[in-house]
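Structure record follows, encoded as C-alpha cells.
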Amino acid sequence: MKLTVLGSGTLIPFPNRGNSGYFLQTDNHNILIDGGSGALRQMATLGLDYRTIDVITYTHLHPDHTLDMIPLLFTFKHDSRVTIPRSLKIMGPPGFKSYFQKLMDIYGDWVMPVGLDIEIQEVLRENVVLEELEIACGHSEHTEHSVTYRFTAPGGEDIFYSGDTGKSRELIENAKDVSVLILECSFPDDDRHEKHLTPTLCGEIASECRCKRLILTHFYPEVLETDIVTVVSRFFNGTIDLAYDGMEVEI
C-alpha cells in the first residue's frame with residue numbers, strides 16, 4: 001500500500017497545509033480518505049490521477065473532510081478523459097445517505113454524471129472486505145457517528161486513520177499493534193479542546209496501542225508553534241513523523 005497526504009491541516013488557512021485528505025493506493029483500489037477543499041487540486045499538483053478513485057471513505061461530515069465530494073462528481077461529469085460508465089463506492093458514518101441526498105437536491109444533474117453507479121454504505125462498527133483489502137470500521141469520540149478506519153493488506157501490513165477524535169478505549173483497542181497509526185493532533189496541551197487530541201494524548205495512545213510508526217496530522221496553527229515531537233516522545237519511543245502535504249508513506 002502507498003498513502004499520500006493531500007492535506008495535513010484544517011479549514012484555518014495556513015501555508016502549505018490543506019484540508020484533511022489522503023490517497024491510498026492498493027493492488028486493486030484507489031481510495032480517497034476524507035477530502036476537504038483542495039484535495040483534488042493537490043492530487044493534480046502531486047501527479048496523482050483523480051480519475052482512478054473508485055472508493056471514498058469519510059470519517060465524519062464536517063466540511064474540512066468532505067467539501068471536495070461535489071467537485072469530484074462535477075469533474076467525473078465534465079472531464080472528457082473520465083471513463084463512463086464507472087462505479088464509485090462511498091463509505092461514511094450513519095446519516096451519510098441523508099447528507100448526500102440533500103446535496104443532490106441542491107446540485108443534482110449539474111454534477112451527477114450519467115453512467116456513474118454510486119454505492120453508498122453507512123458504517124460504524126463493522127468490517128468491509130474489498131477484494132484484497134479489509135477495512136475495519138470503529139467509532140471515534142468526535143461527533144455522534146464519527147468513524148475510524150483500519151486498512152489491512154493481504155500480507156498483514158495495515159494503516160489506522162483516526163479522523164478527528166478524542167482519546168477513548170475503543171480507539172486504542174481498534175488500533176492495537178498497527179503498522180502505521182495516523183492520529184489527528186489538533187491543539188497544544190495547554191489549549192485542549194473536547195474531542196480533539198493534543199501531543200500528550202497522541203503519545204499516550206501510540207504507547208498504549210503499541211503501533212510501529214506514528215504519523216501526526218490535522219494541525220491547527222497553534223500546535224505547530226510547539227515542539228510536538230518532544231512532547232509525544234515522552235510517552236512513545238517509536239518512530240514519530242509530522243505529516244506534511246505531499247508526504248508519501250509506503251507500507
Side-chain angles (χ1 to χ4, degrees), residues 1-8 20-35 46 48 53-59 65 91 123 125-142 146-186 197 199-219 228-229 231-251:
M1 296 188 290
K2 178 182 177 182
L3 181 82
T4 303
V5 178
L6 304 177
S8 58
S20 294
Y22 307 85
F23 186 53
L24 180 63
Q25 297 167 282
T26 73
D27 287 344
N28 294 304
H29 294 285
N30 292 289
I31 303 171
L32 179 64
I33 305 171
D34 282 343
L46 298 173
L48 299 169
I53 295 171
D54 62 339
V55 179
I56 305 176
T57 61
Y58 289 116
T59 57
H65 295 255
M91 297 166 57
V123 296
R125 294 182 175 97
E126 56 206 276
N127 289 351
V128 178
V129 178
L130 301 179
E131 297 178 9
E132 86 290 0
L133 188 69
E134 180 178 338
I135 306 175
C137 310
H139 176 60
S140 69
E141 295 294 331
H142 185 61
S146 295
V147 180
T148 64
Y149 293 98
R150 183 168 181 162
F151 303 89
T152 303
E157 305 86 357
D158 48 8
I159 298 173
F160 181 94
Y161 172 56
S162 71
D164 291 3
T165 187
K167 183 181 178 182
S168 71
R169 177 49 50 187
E170 179 173 353
L171 178 78
I172 293 166
E173 289 300 320
N174 289 341
K176 280 287 187 184
D177 301 312
V178 72
S179 301
V180 176
L181 174 63
I182 303 176
L183 291 179
E184 68 121 293
C185 185
S186 293
L197 298 180
T200 288
L201 294 175
C202 289
E204 292 173 351
I205 292 169
S207 176
E208 292 178 49
C209 75
R210 303 188 303 271
C211 66
K212 296 179 177 64
R213 181 182 181 185
L214 172 64
I215 299 176
L216 302 177
T217 190
H218 197 266
F219 304 115
I228 299 171
V229 173
V231 175
V232 174
S233 62
R234 294 173 186 163
F235 305 90
F236 177 66
N237 60 8
T239 301
I240 304 168
D241 293 301
L242 303 184
Y244 56 87
D245 293 17
M247 179 181 187
E248 295 181 350
V249 182
E250 298 276 358
I251 310 297

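Residues take their numbers from the sequence shown, with the count starting at 1. The basis for the numbers below is simple: all heavy atoms, side chains too, and nothing from hydrogens, waters or symmetry mates.
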Can you check side chain to side chain contact (heavy atoms under 4.5 Å, CB included) on Ile31 and Leu133, steps first, answer last? CA-CA 11 Å; Ile31 303 171; Leu133 188 69; 3.5 Å; yes
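- When every heavy atom of Cys202 is checked against every heavy atom of Leu197, the shortest pair comes out as SG-CB, 3.8 Å.
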Set out, in order, the CA-CA distance, both residues' side-chain angles and the distance that settles side chain to side chain contact (heavy atoms under 4.5 Å, CB included) for Leu130 and Asn28, then state yes or no. CA-CA 9 Å; Leu130 301 179; Asn28 294 304; over 6 Å; no
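- One distance of note links CD1 of Ile56 with CE of Met91; it measures 11.5 Å at 0.5 Å rounding.
- Qualifying side-chain hydrogen bond (donor to acceptor under 3.5 Å, both in side chains) partners for Asp158, counting only residues two or more places apart in sequence or in other chains: Arg150, Ser179.
- Note that the OG1 atom of Thr26 and the CG atom of Asp54 stand 7.5 Å from one another [nearest 0.5 Å].
- Contact detail for Ala243 and Ile215: the closest heavy-atom pair is CB-CG2, 3.9 Å.
- Evaluation of the ring-ring contact (aromatic ring centres under 6.0 Å, His included) rule for Phe23 yields no partner, not counting sequence neighbours.
- Residues Ser8 and Thr217 share a closest heavy-atom pair of CA-OG1, 3.4 Å.
- Arg169 has a carboxylate O that lies under 4.0 Å from a charged side-chain N of Glu208, or vice versa, which qualifies the two as a salt bridge.
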With side chain to side chain contact (heavy atoms under 4.5 Å, CB included) as the test, would you mind laying out the steps for Thr148 and Thr165 before giving the verdict? CA-CA 9 Å; Thr148 64; Thr165 187; 5.6 Å; no
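- A donor-acceptor contact shorter than 3.5 Å links the side chain of Glu170 to the backbone of His139.
- Judged by distance alone, with hydrogens and angles left aside, the side-chain atoms of Asn30 form no donor-acceptor pair with the main-chain N or O of Gln25 at under 3.5 Å.
- Listed here is the closest heavy atom pair of Leu214 and Ala206: CD2-CB, 3.8 Å.
- Annotation for Leu171 and Ser168: closest pair N-OG, 3.1 Å, computed over non-hydrogen atoms.
- Looking only at distances, a side-chain donor or acceptor of Asp34 sits under 3.5 Å from a matching main-chain atom of Thr59.
- With sequence neighbours excluded, no residue forms a side-chain hydrogen bond (donor to acceptor under 3.5 Å, both in side chains) with Ser207.
- The distance from the CG atom of Leu216 to the OG atom of Ser162 is 9.5 Å, given to the nearest 0.5 Å.
- Taking the side chain as every heavy atom from C-beta outward, Leu6 and Leu48 approach each other to under 4.5 Å.
- One distance of note links CG of Leu3 with CD of Glu248; it measures 9.5 Å at 0.5 Å rounding.
- Going from atom CZ of Arg234 over to atom OG1 of Thr200 covers 7.0 Å, rounded to the nearest 0.5 Å.
- Checked against Tyr22 for a ring-ring contact (aromatic ring centres under 6.0 Å, His included), the options Phe151, Tyr161, Tyr58 give a single hit: Tyr161.
- The environment of Asn237 atom CG is sparse: at most 12 non-hydrogen atoms of other residues, nucleotides or ligands sit within 6.0 angstrom.
- Atom SG of Cys211 is separated from atom CG of Asp177 by 9.5 Å, given to the nearest 0.5 angstrom.
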Cys137/Tyr149 under side chain to side chain contact (heavy atoms under 4.5 Å, CB included): CA gap, chis, key distance, verdict: CA-CA 5 Å; Cys137 310; Tyr149 293 98; 3.8 Å; yes
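- Between Glu141 and Lys167, every side-chain heavy-atom pair lies at or beyond the 4.5 Å cut-off.
- Taking both residues in full, the closest heavy atoms of Phe235 and Val231 are given as CD1-O, 3.4 Å, listed atom of the first, atom of the second, then distance.
- When side chains are defined from C-beta on, Ile182 counts as touching Ile159, because their heavy atoms get closer than 4.5 Å.
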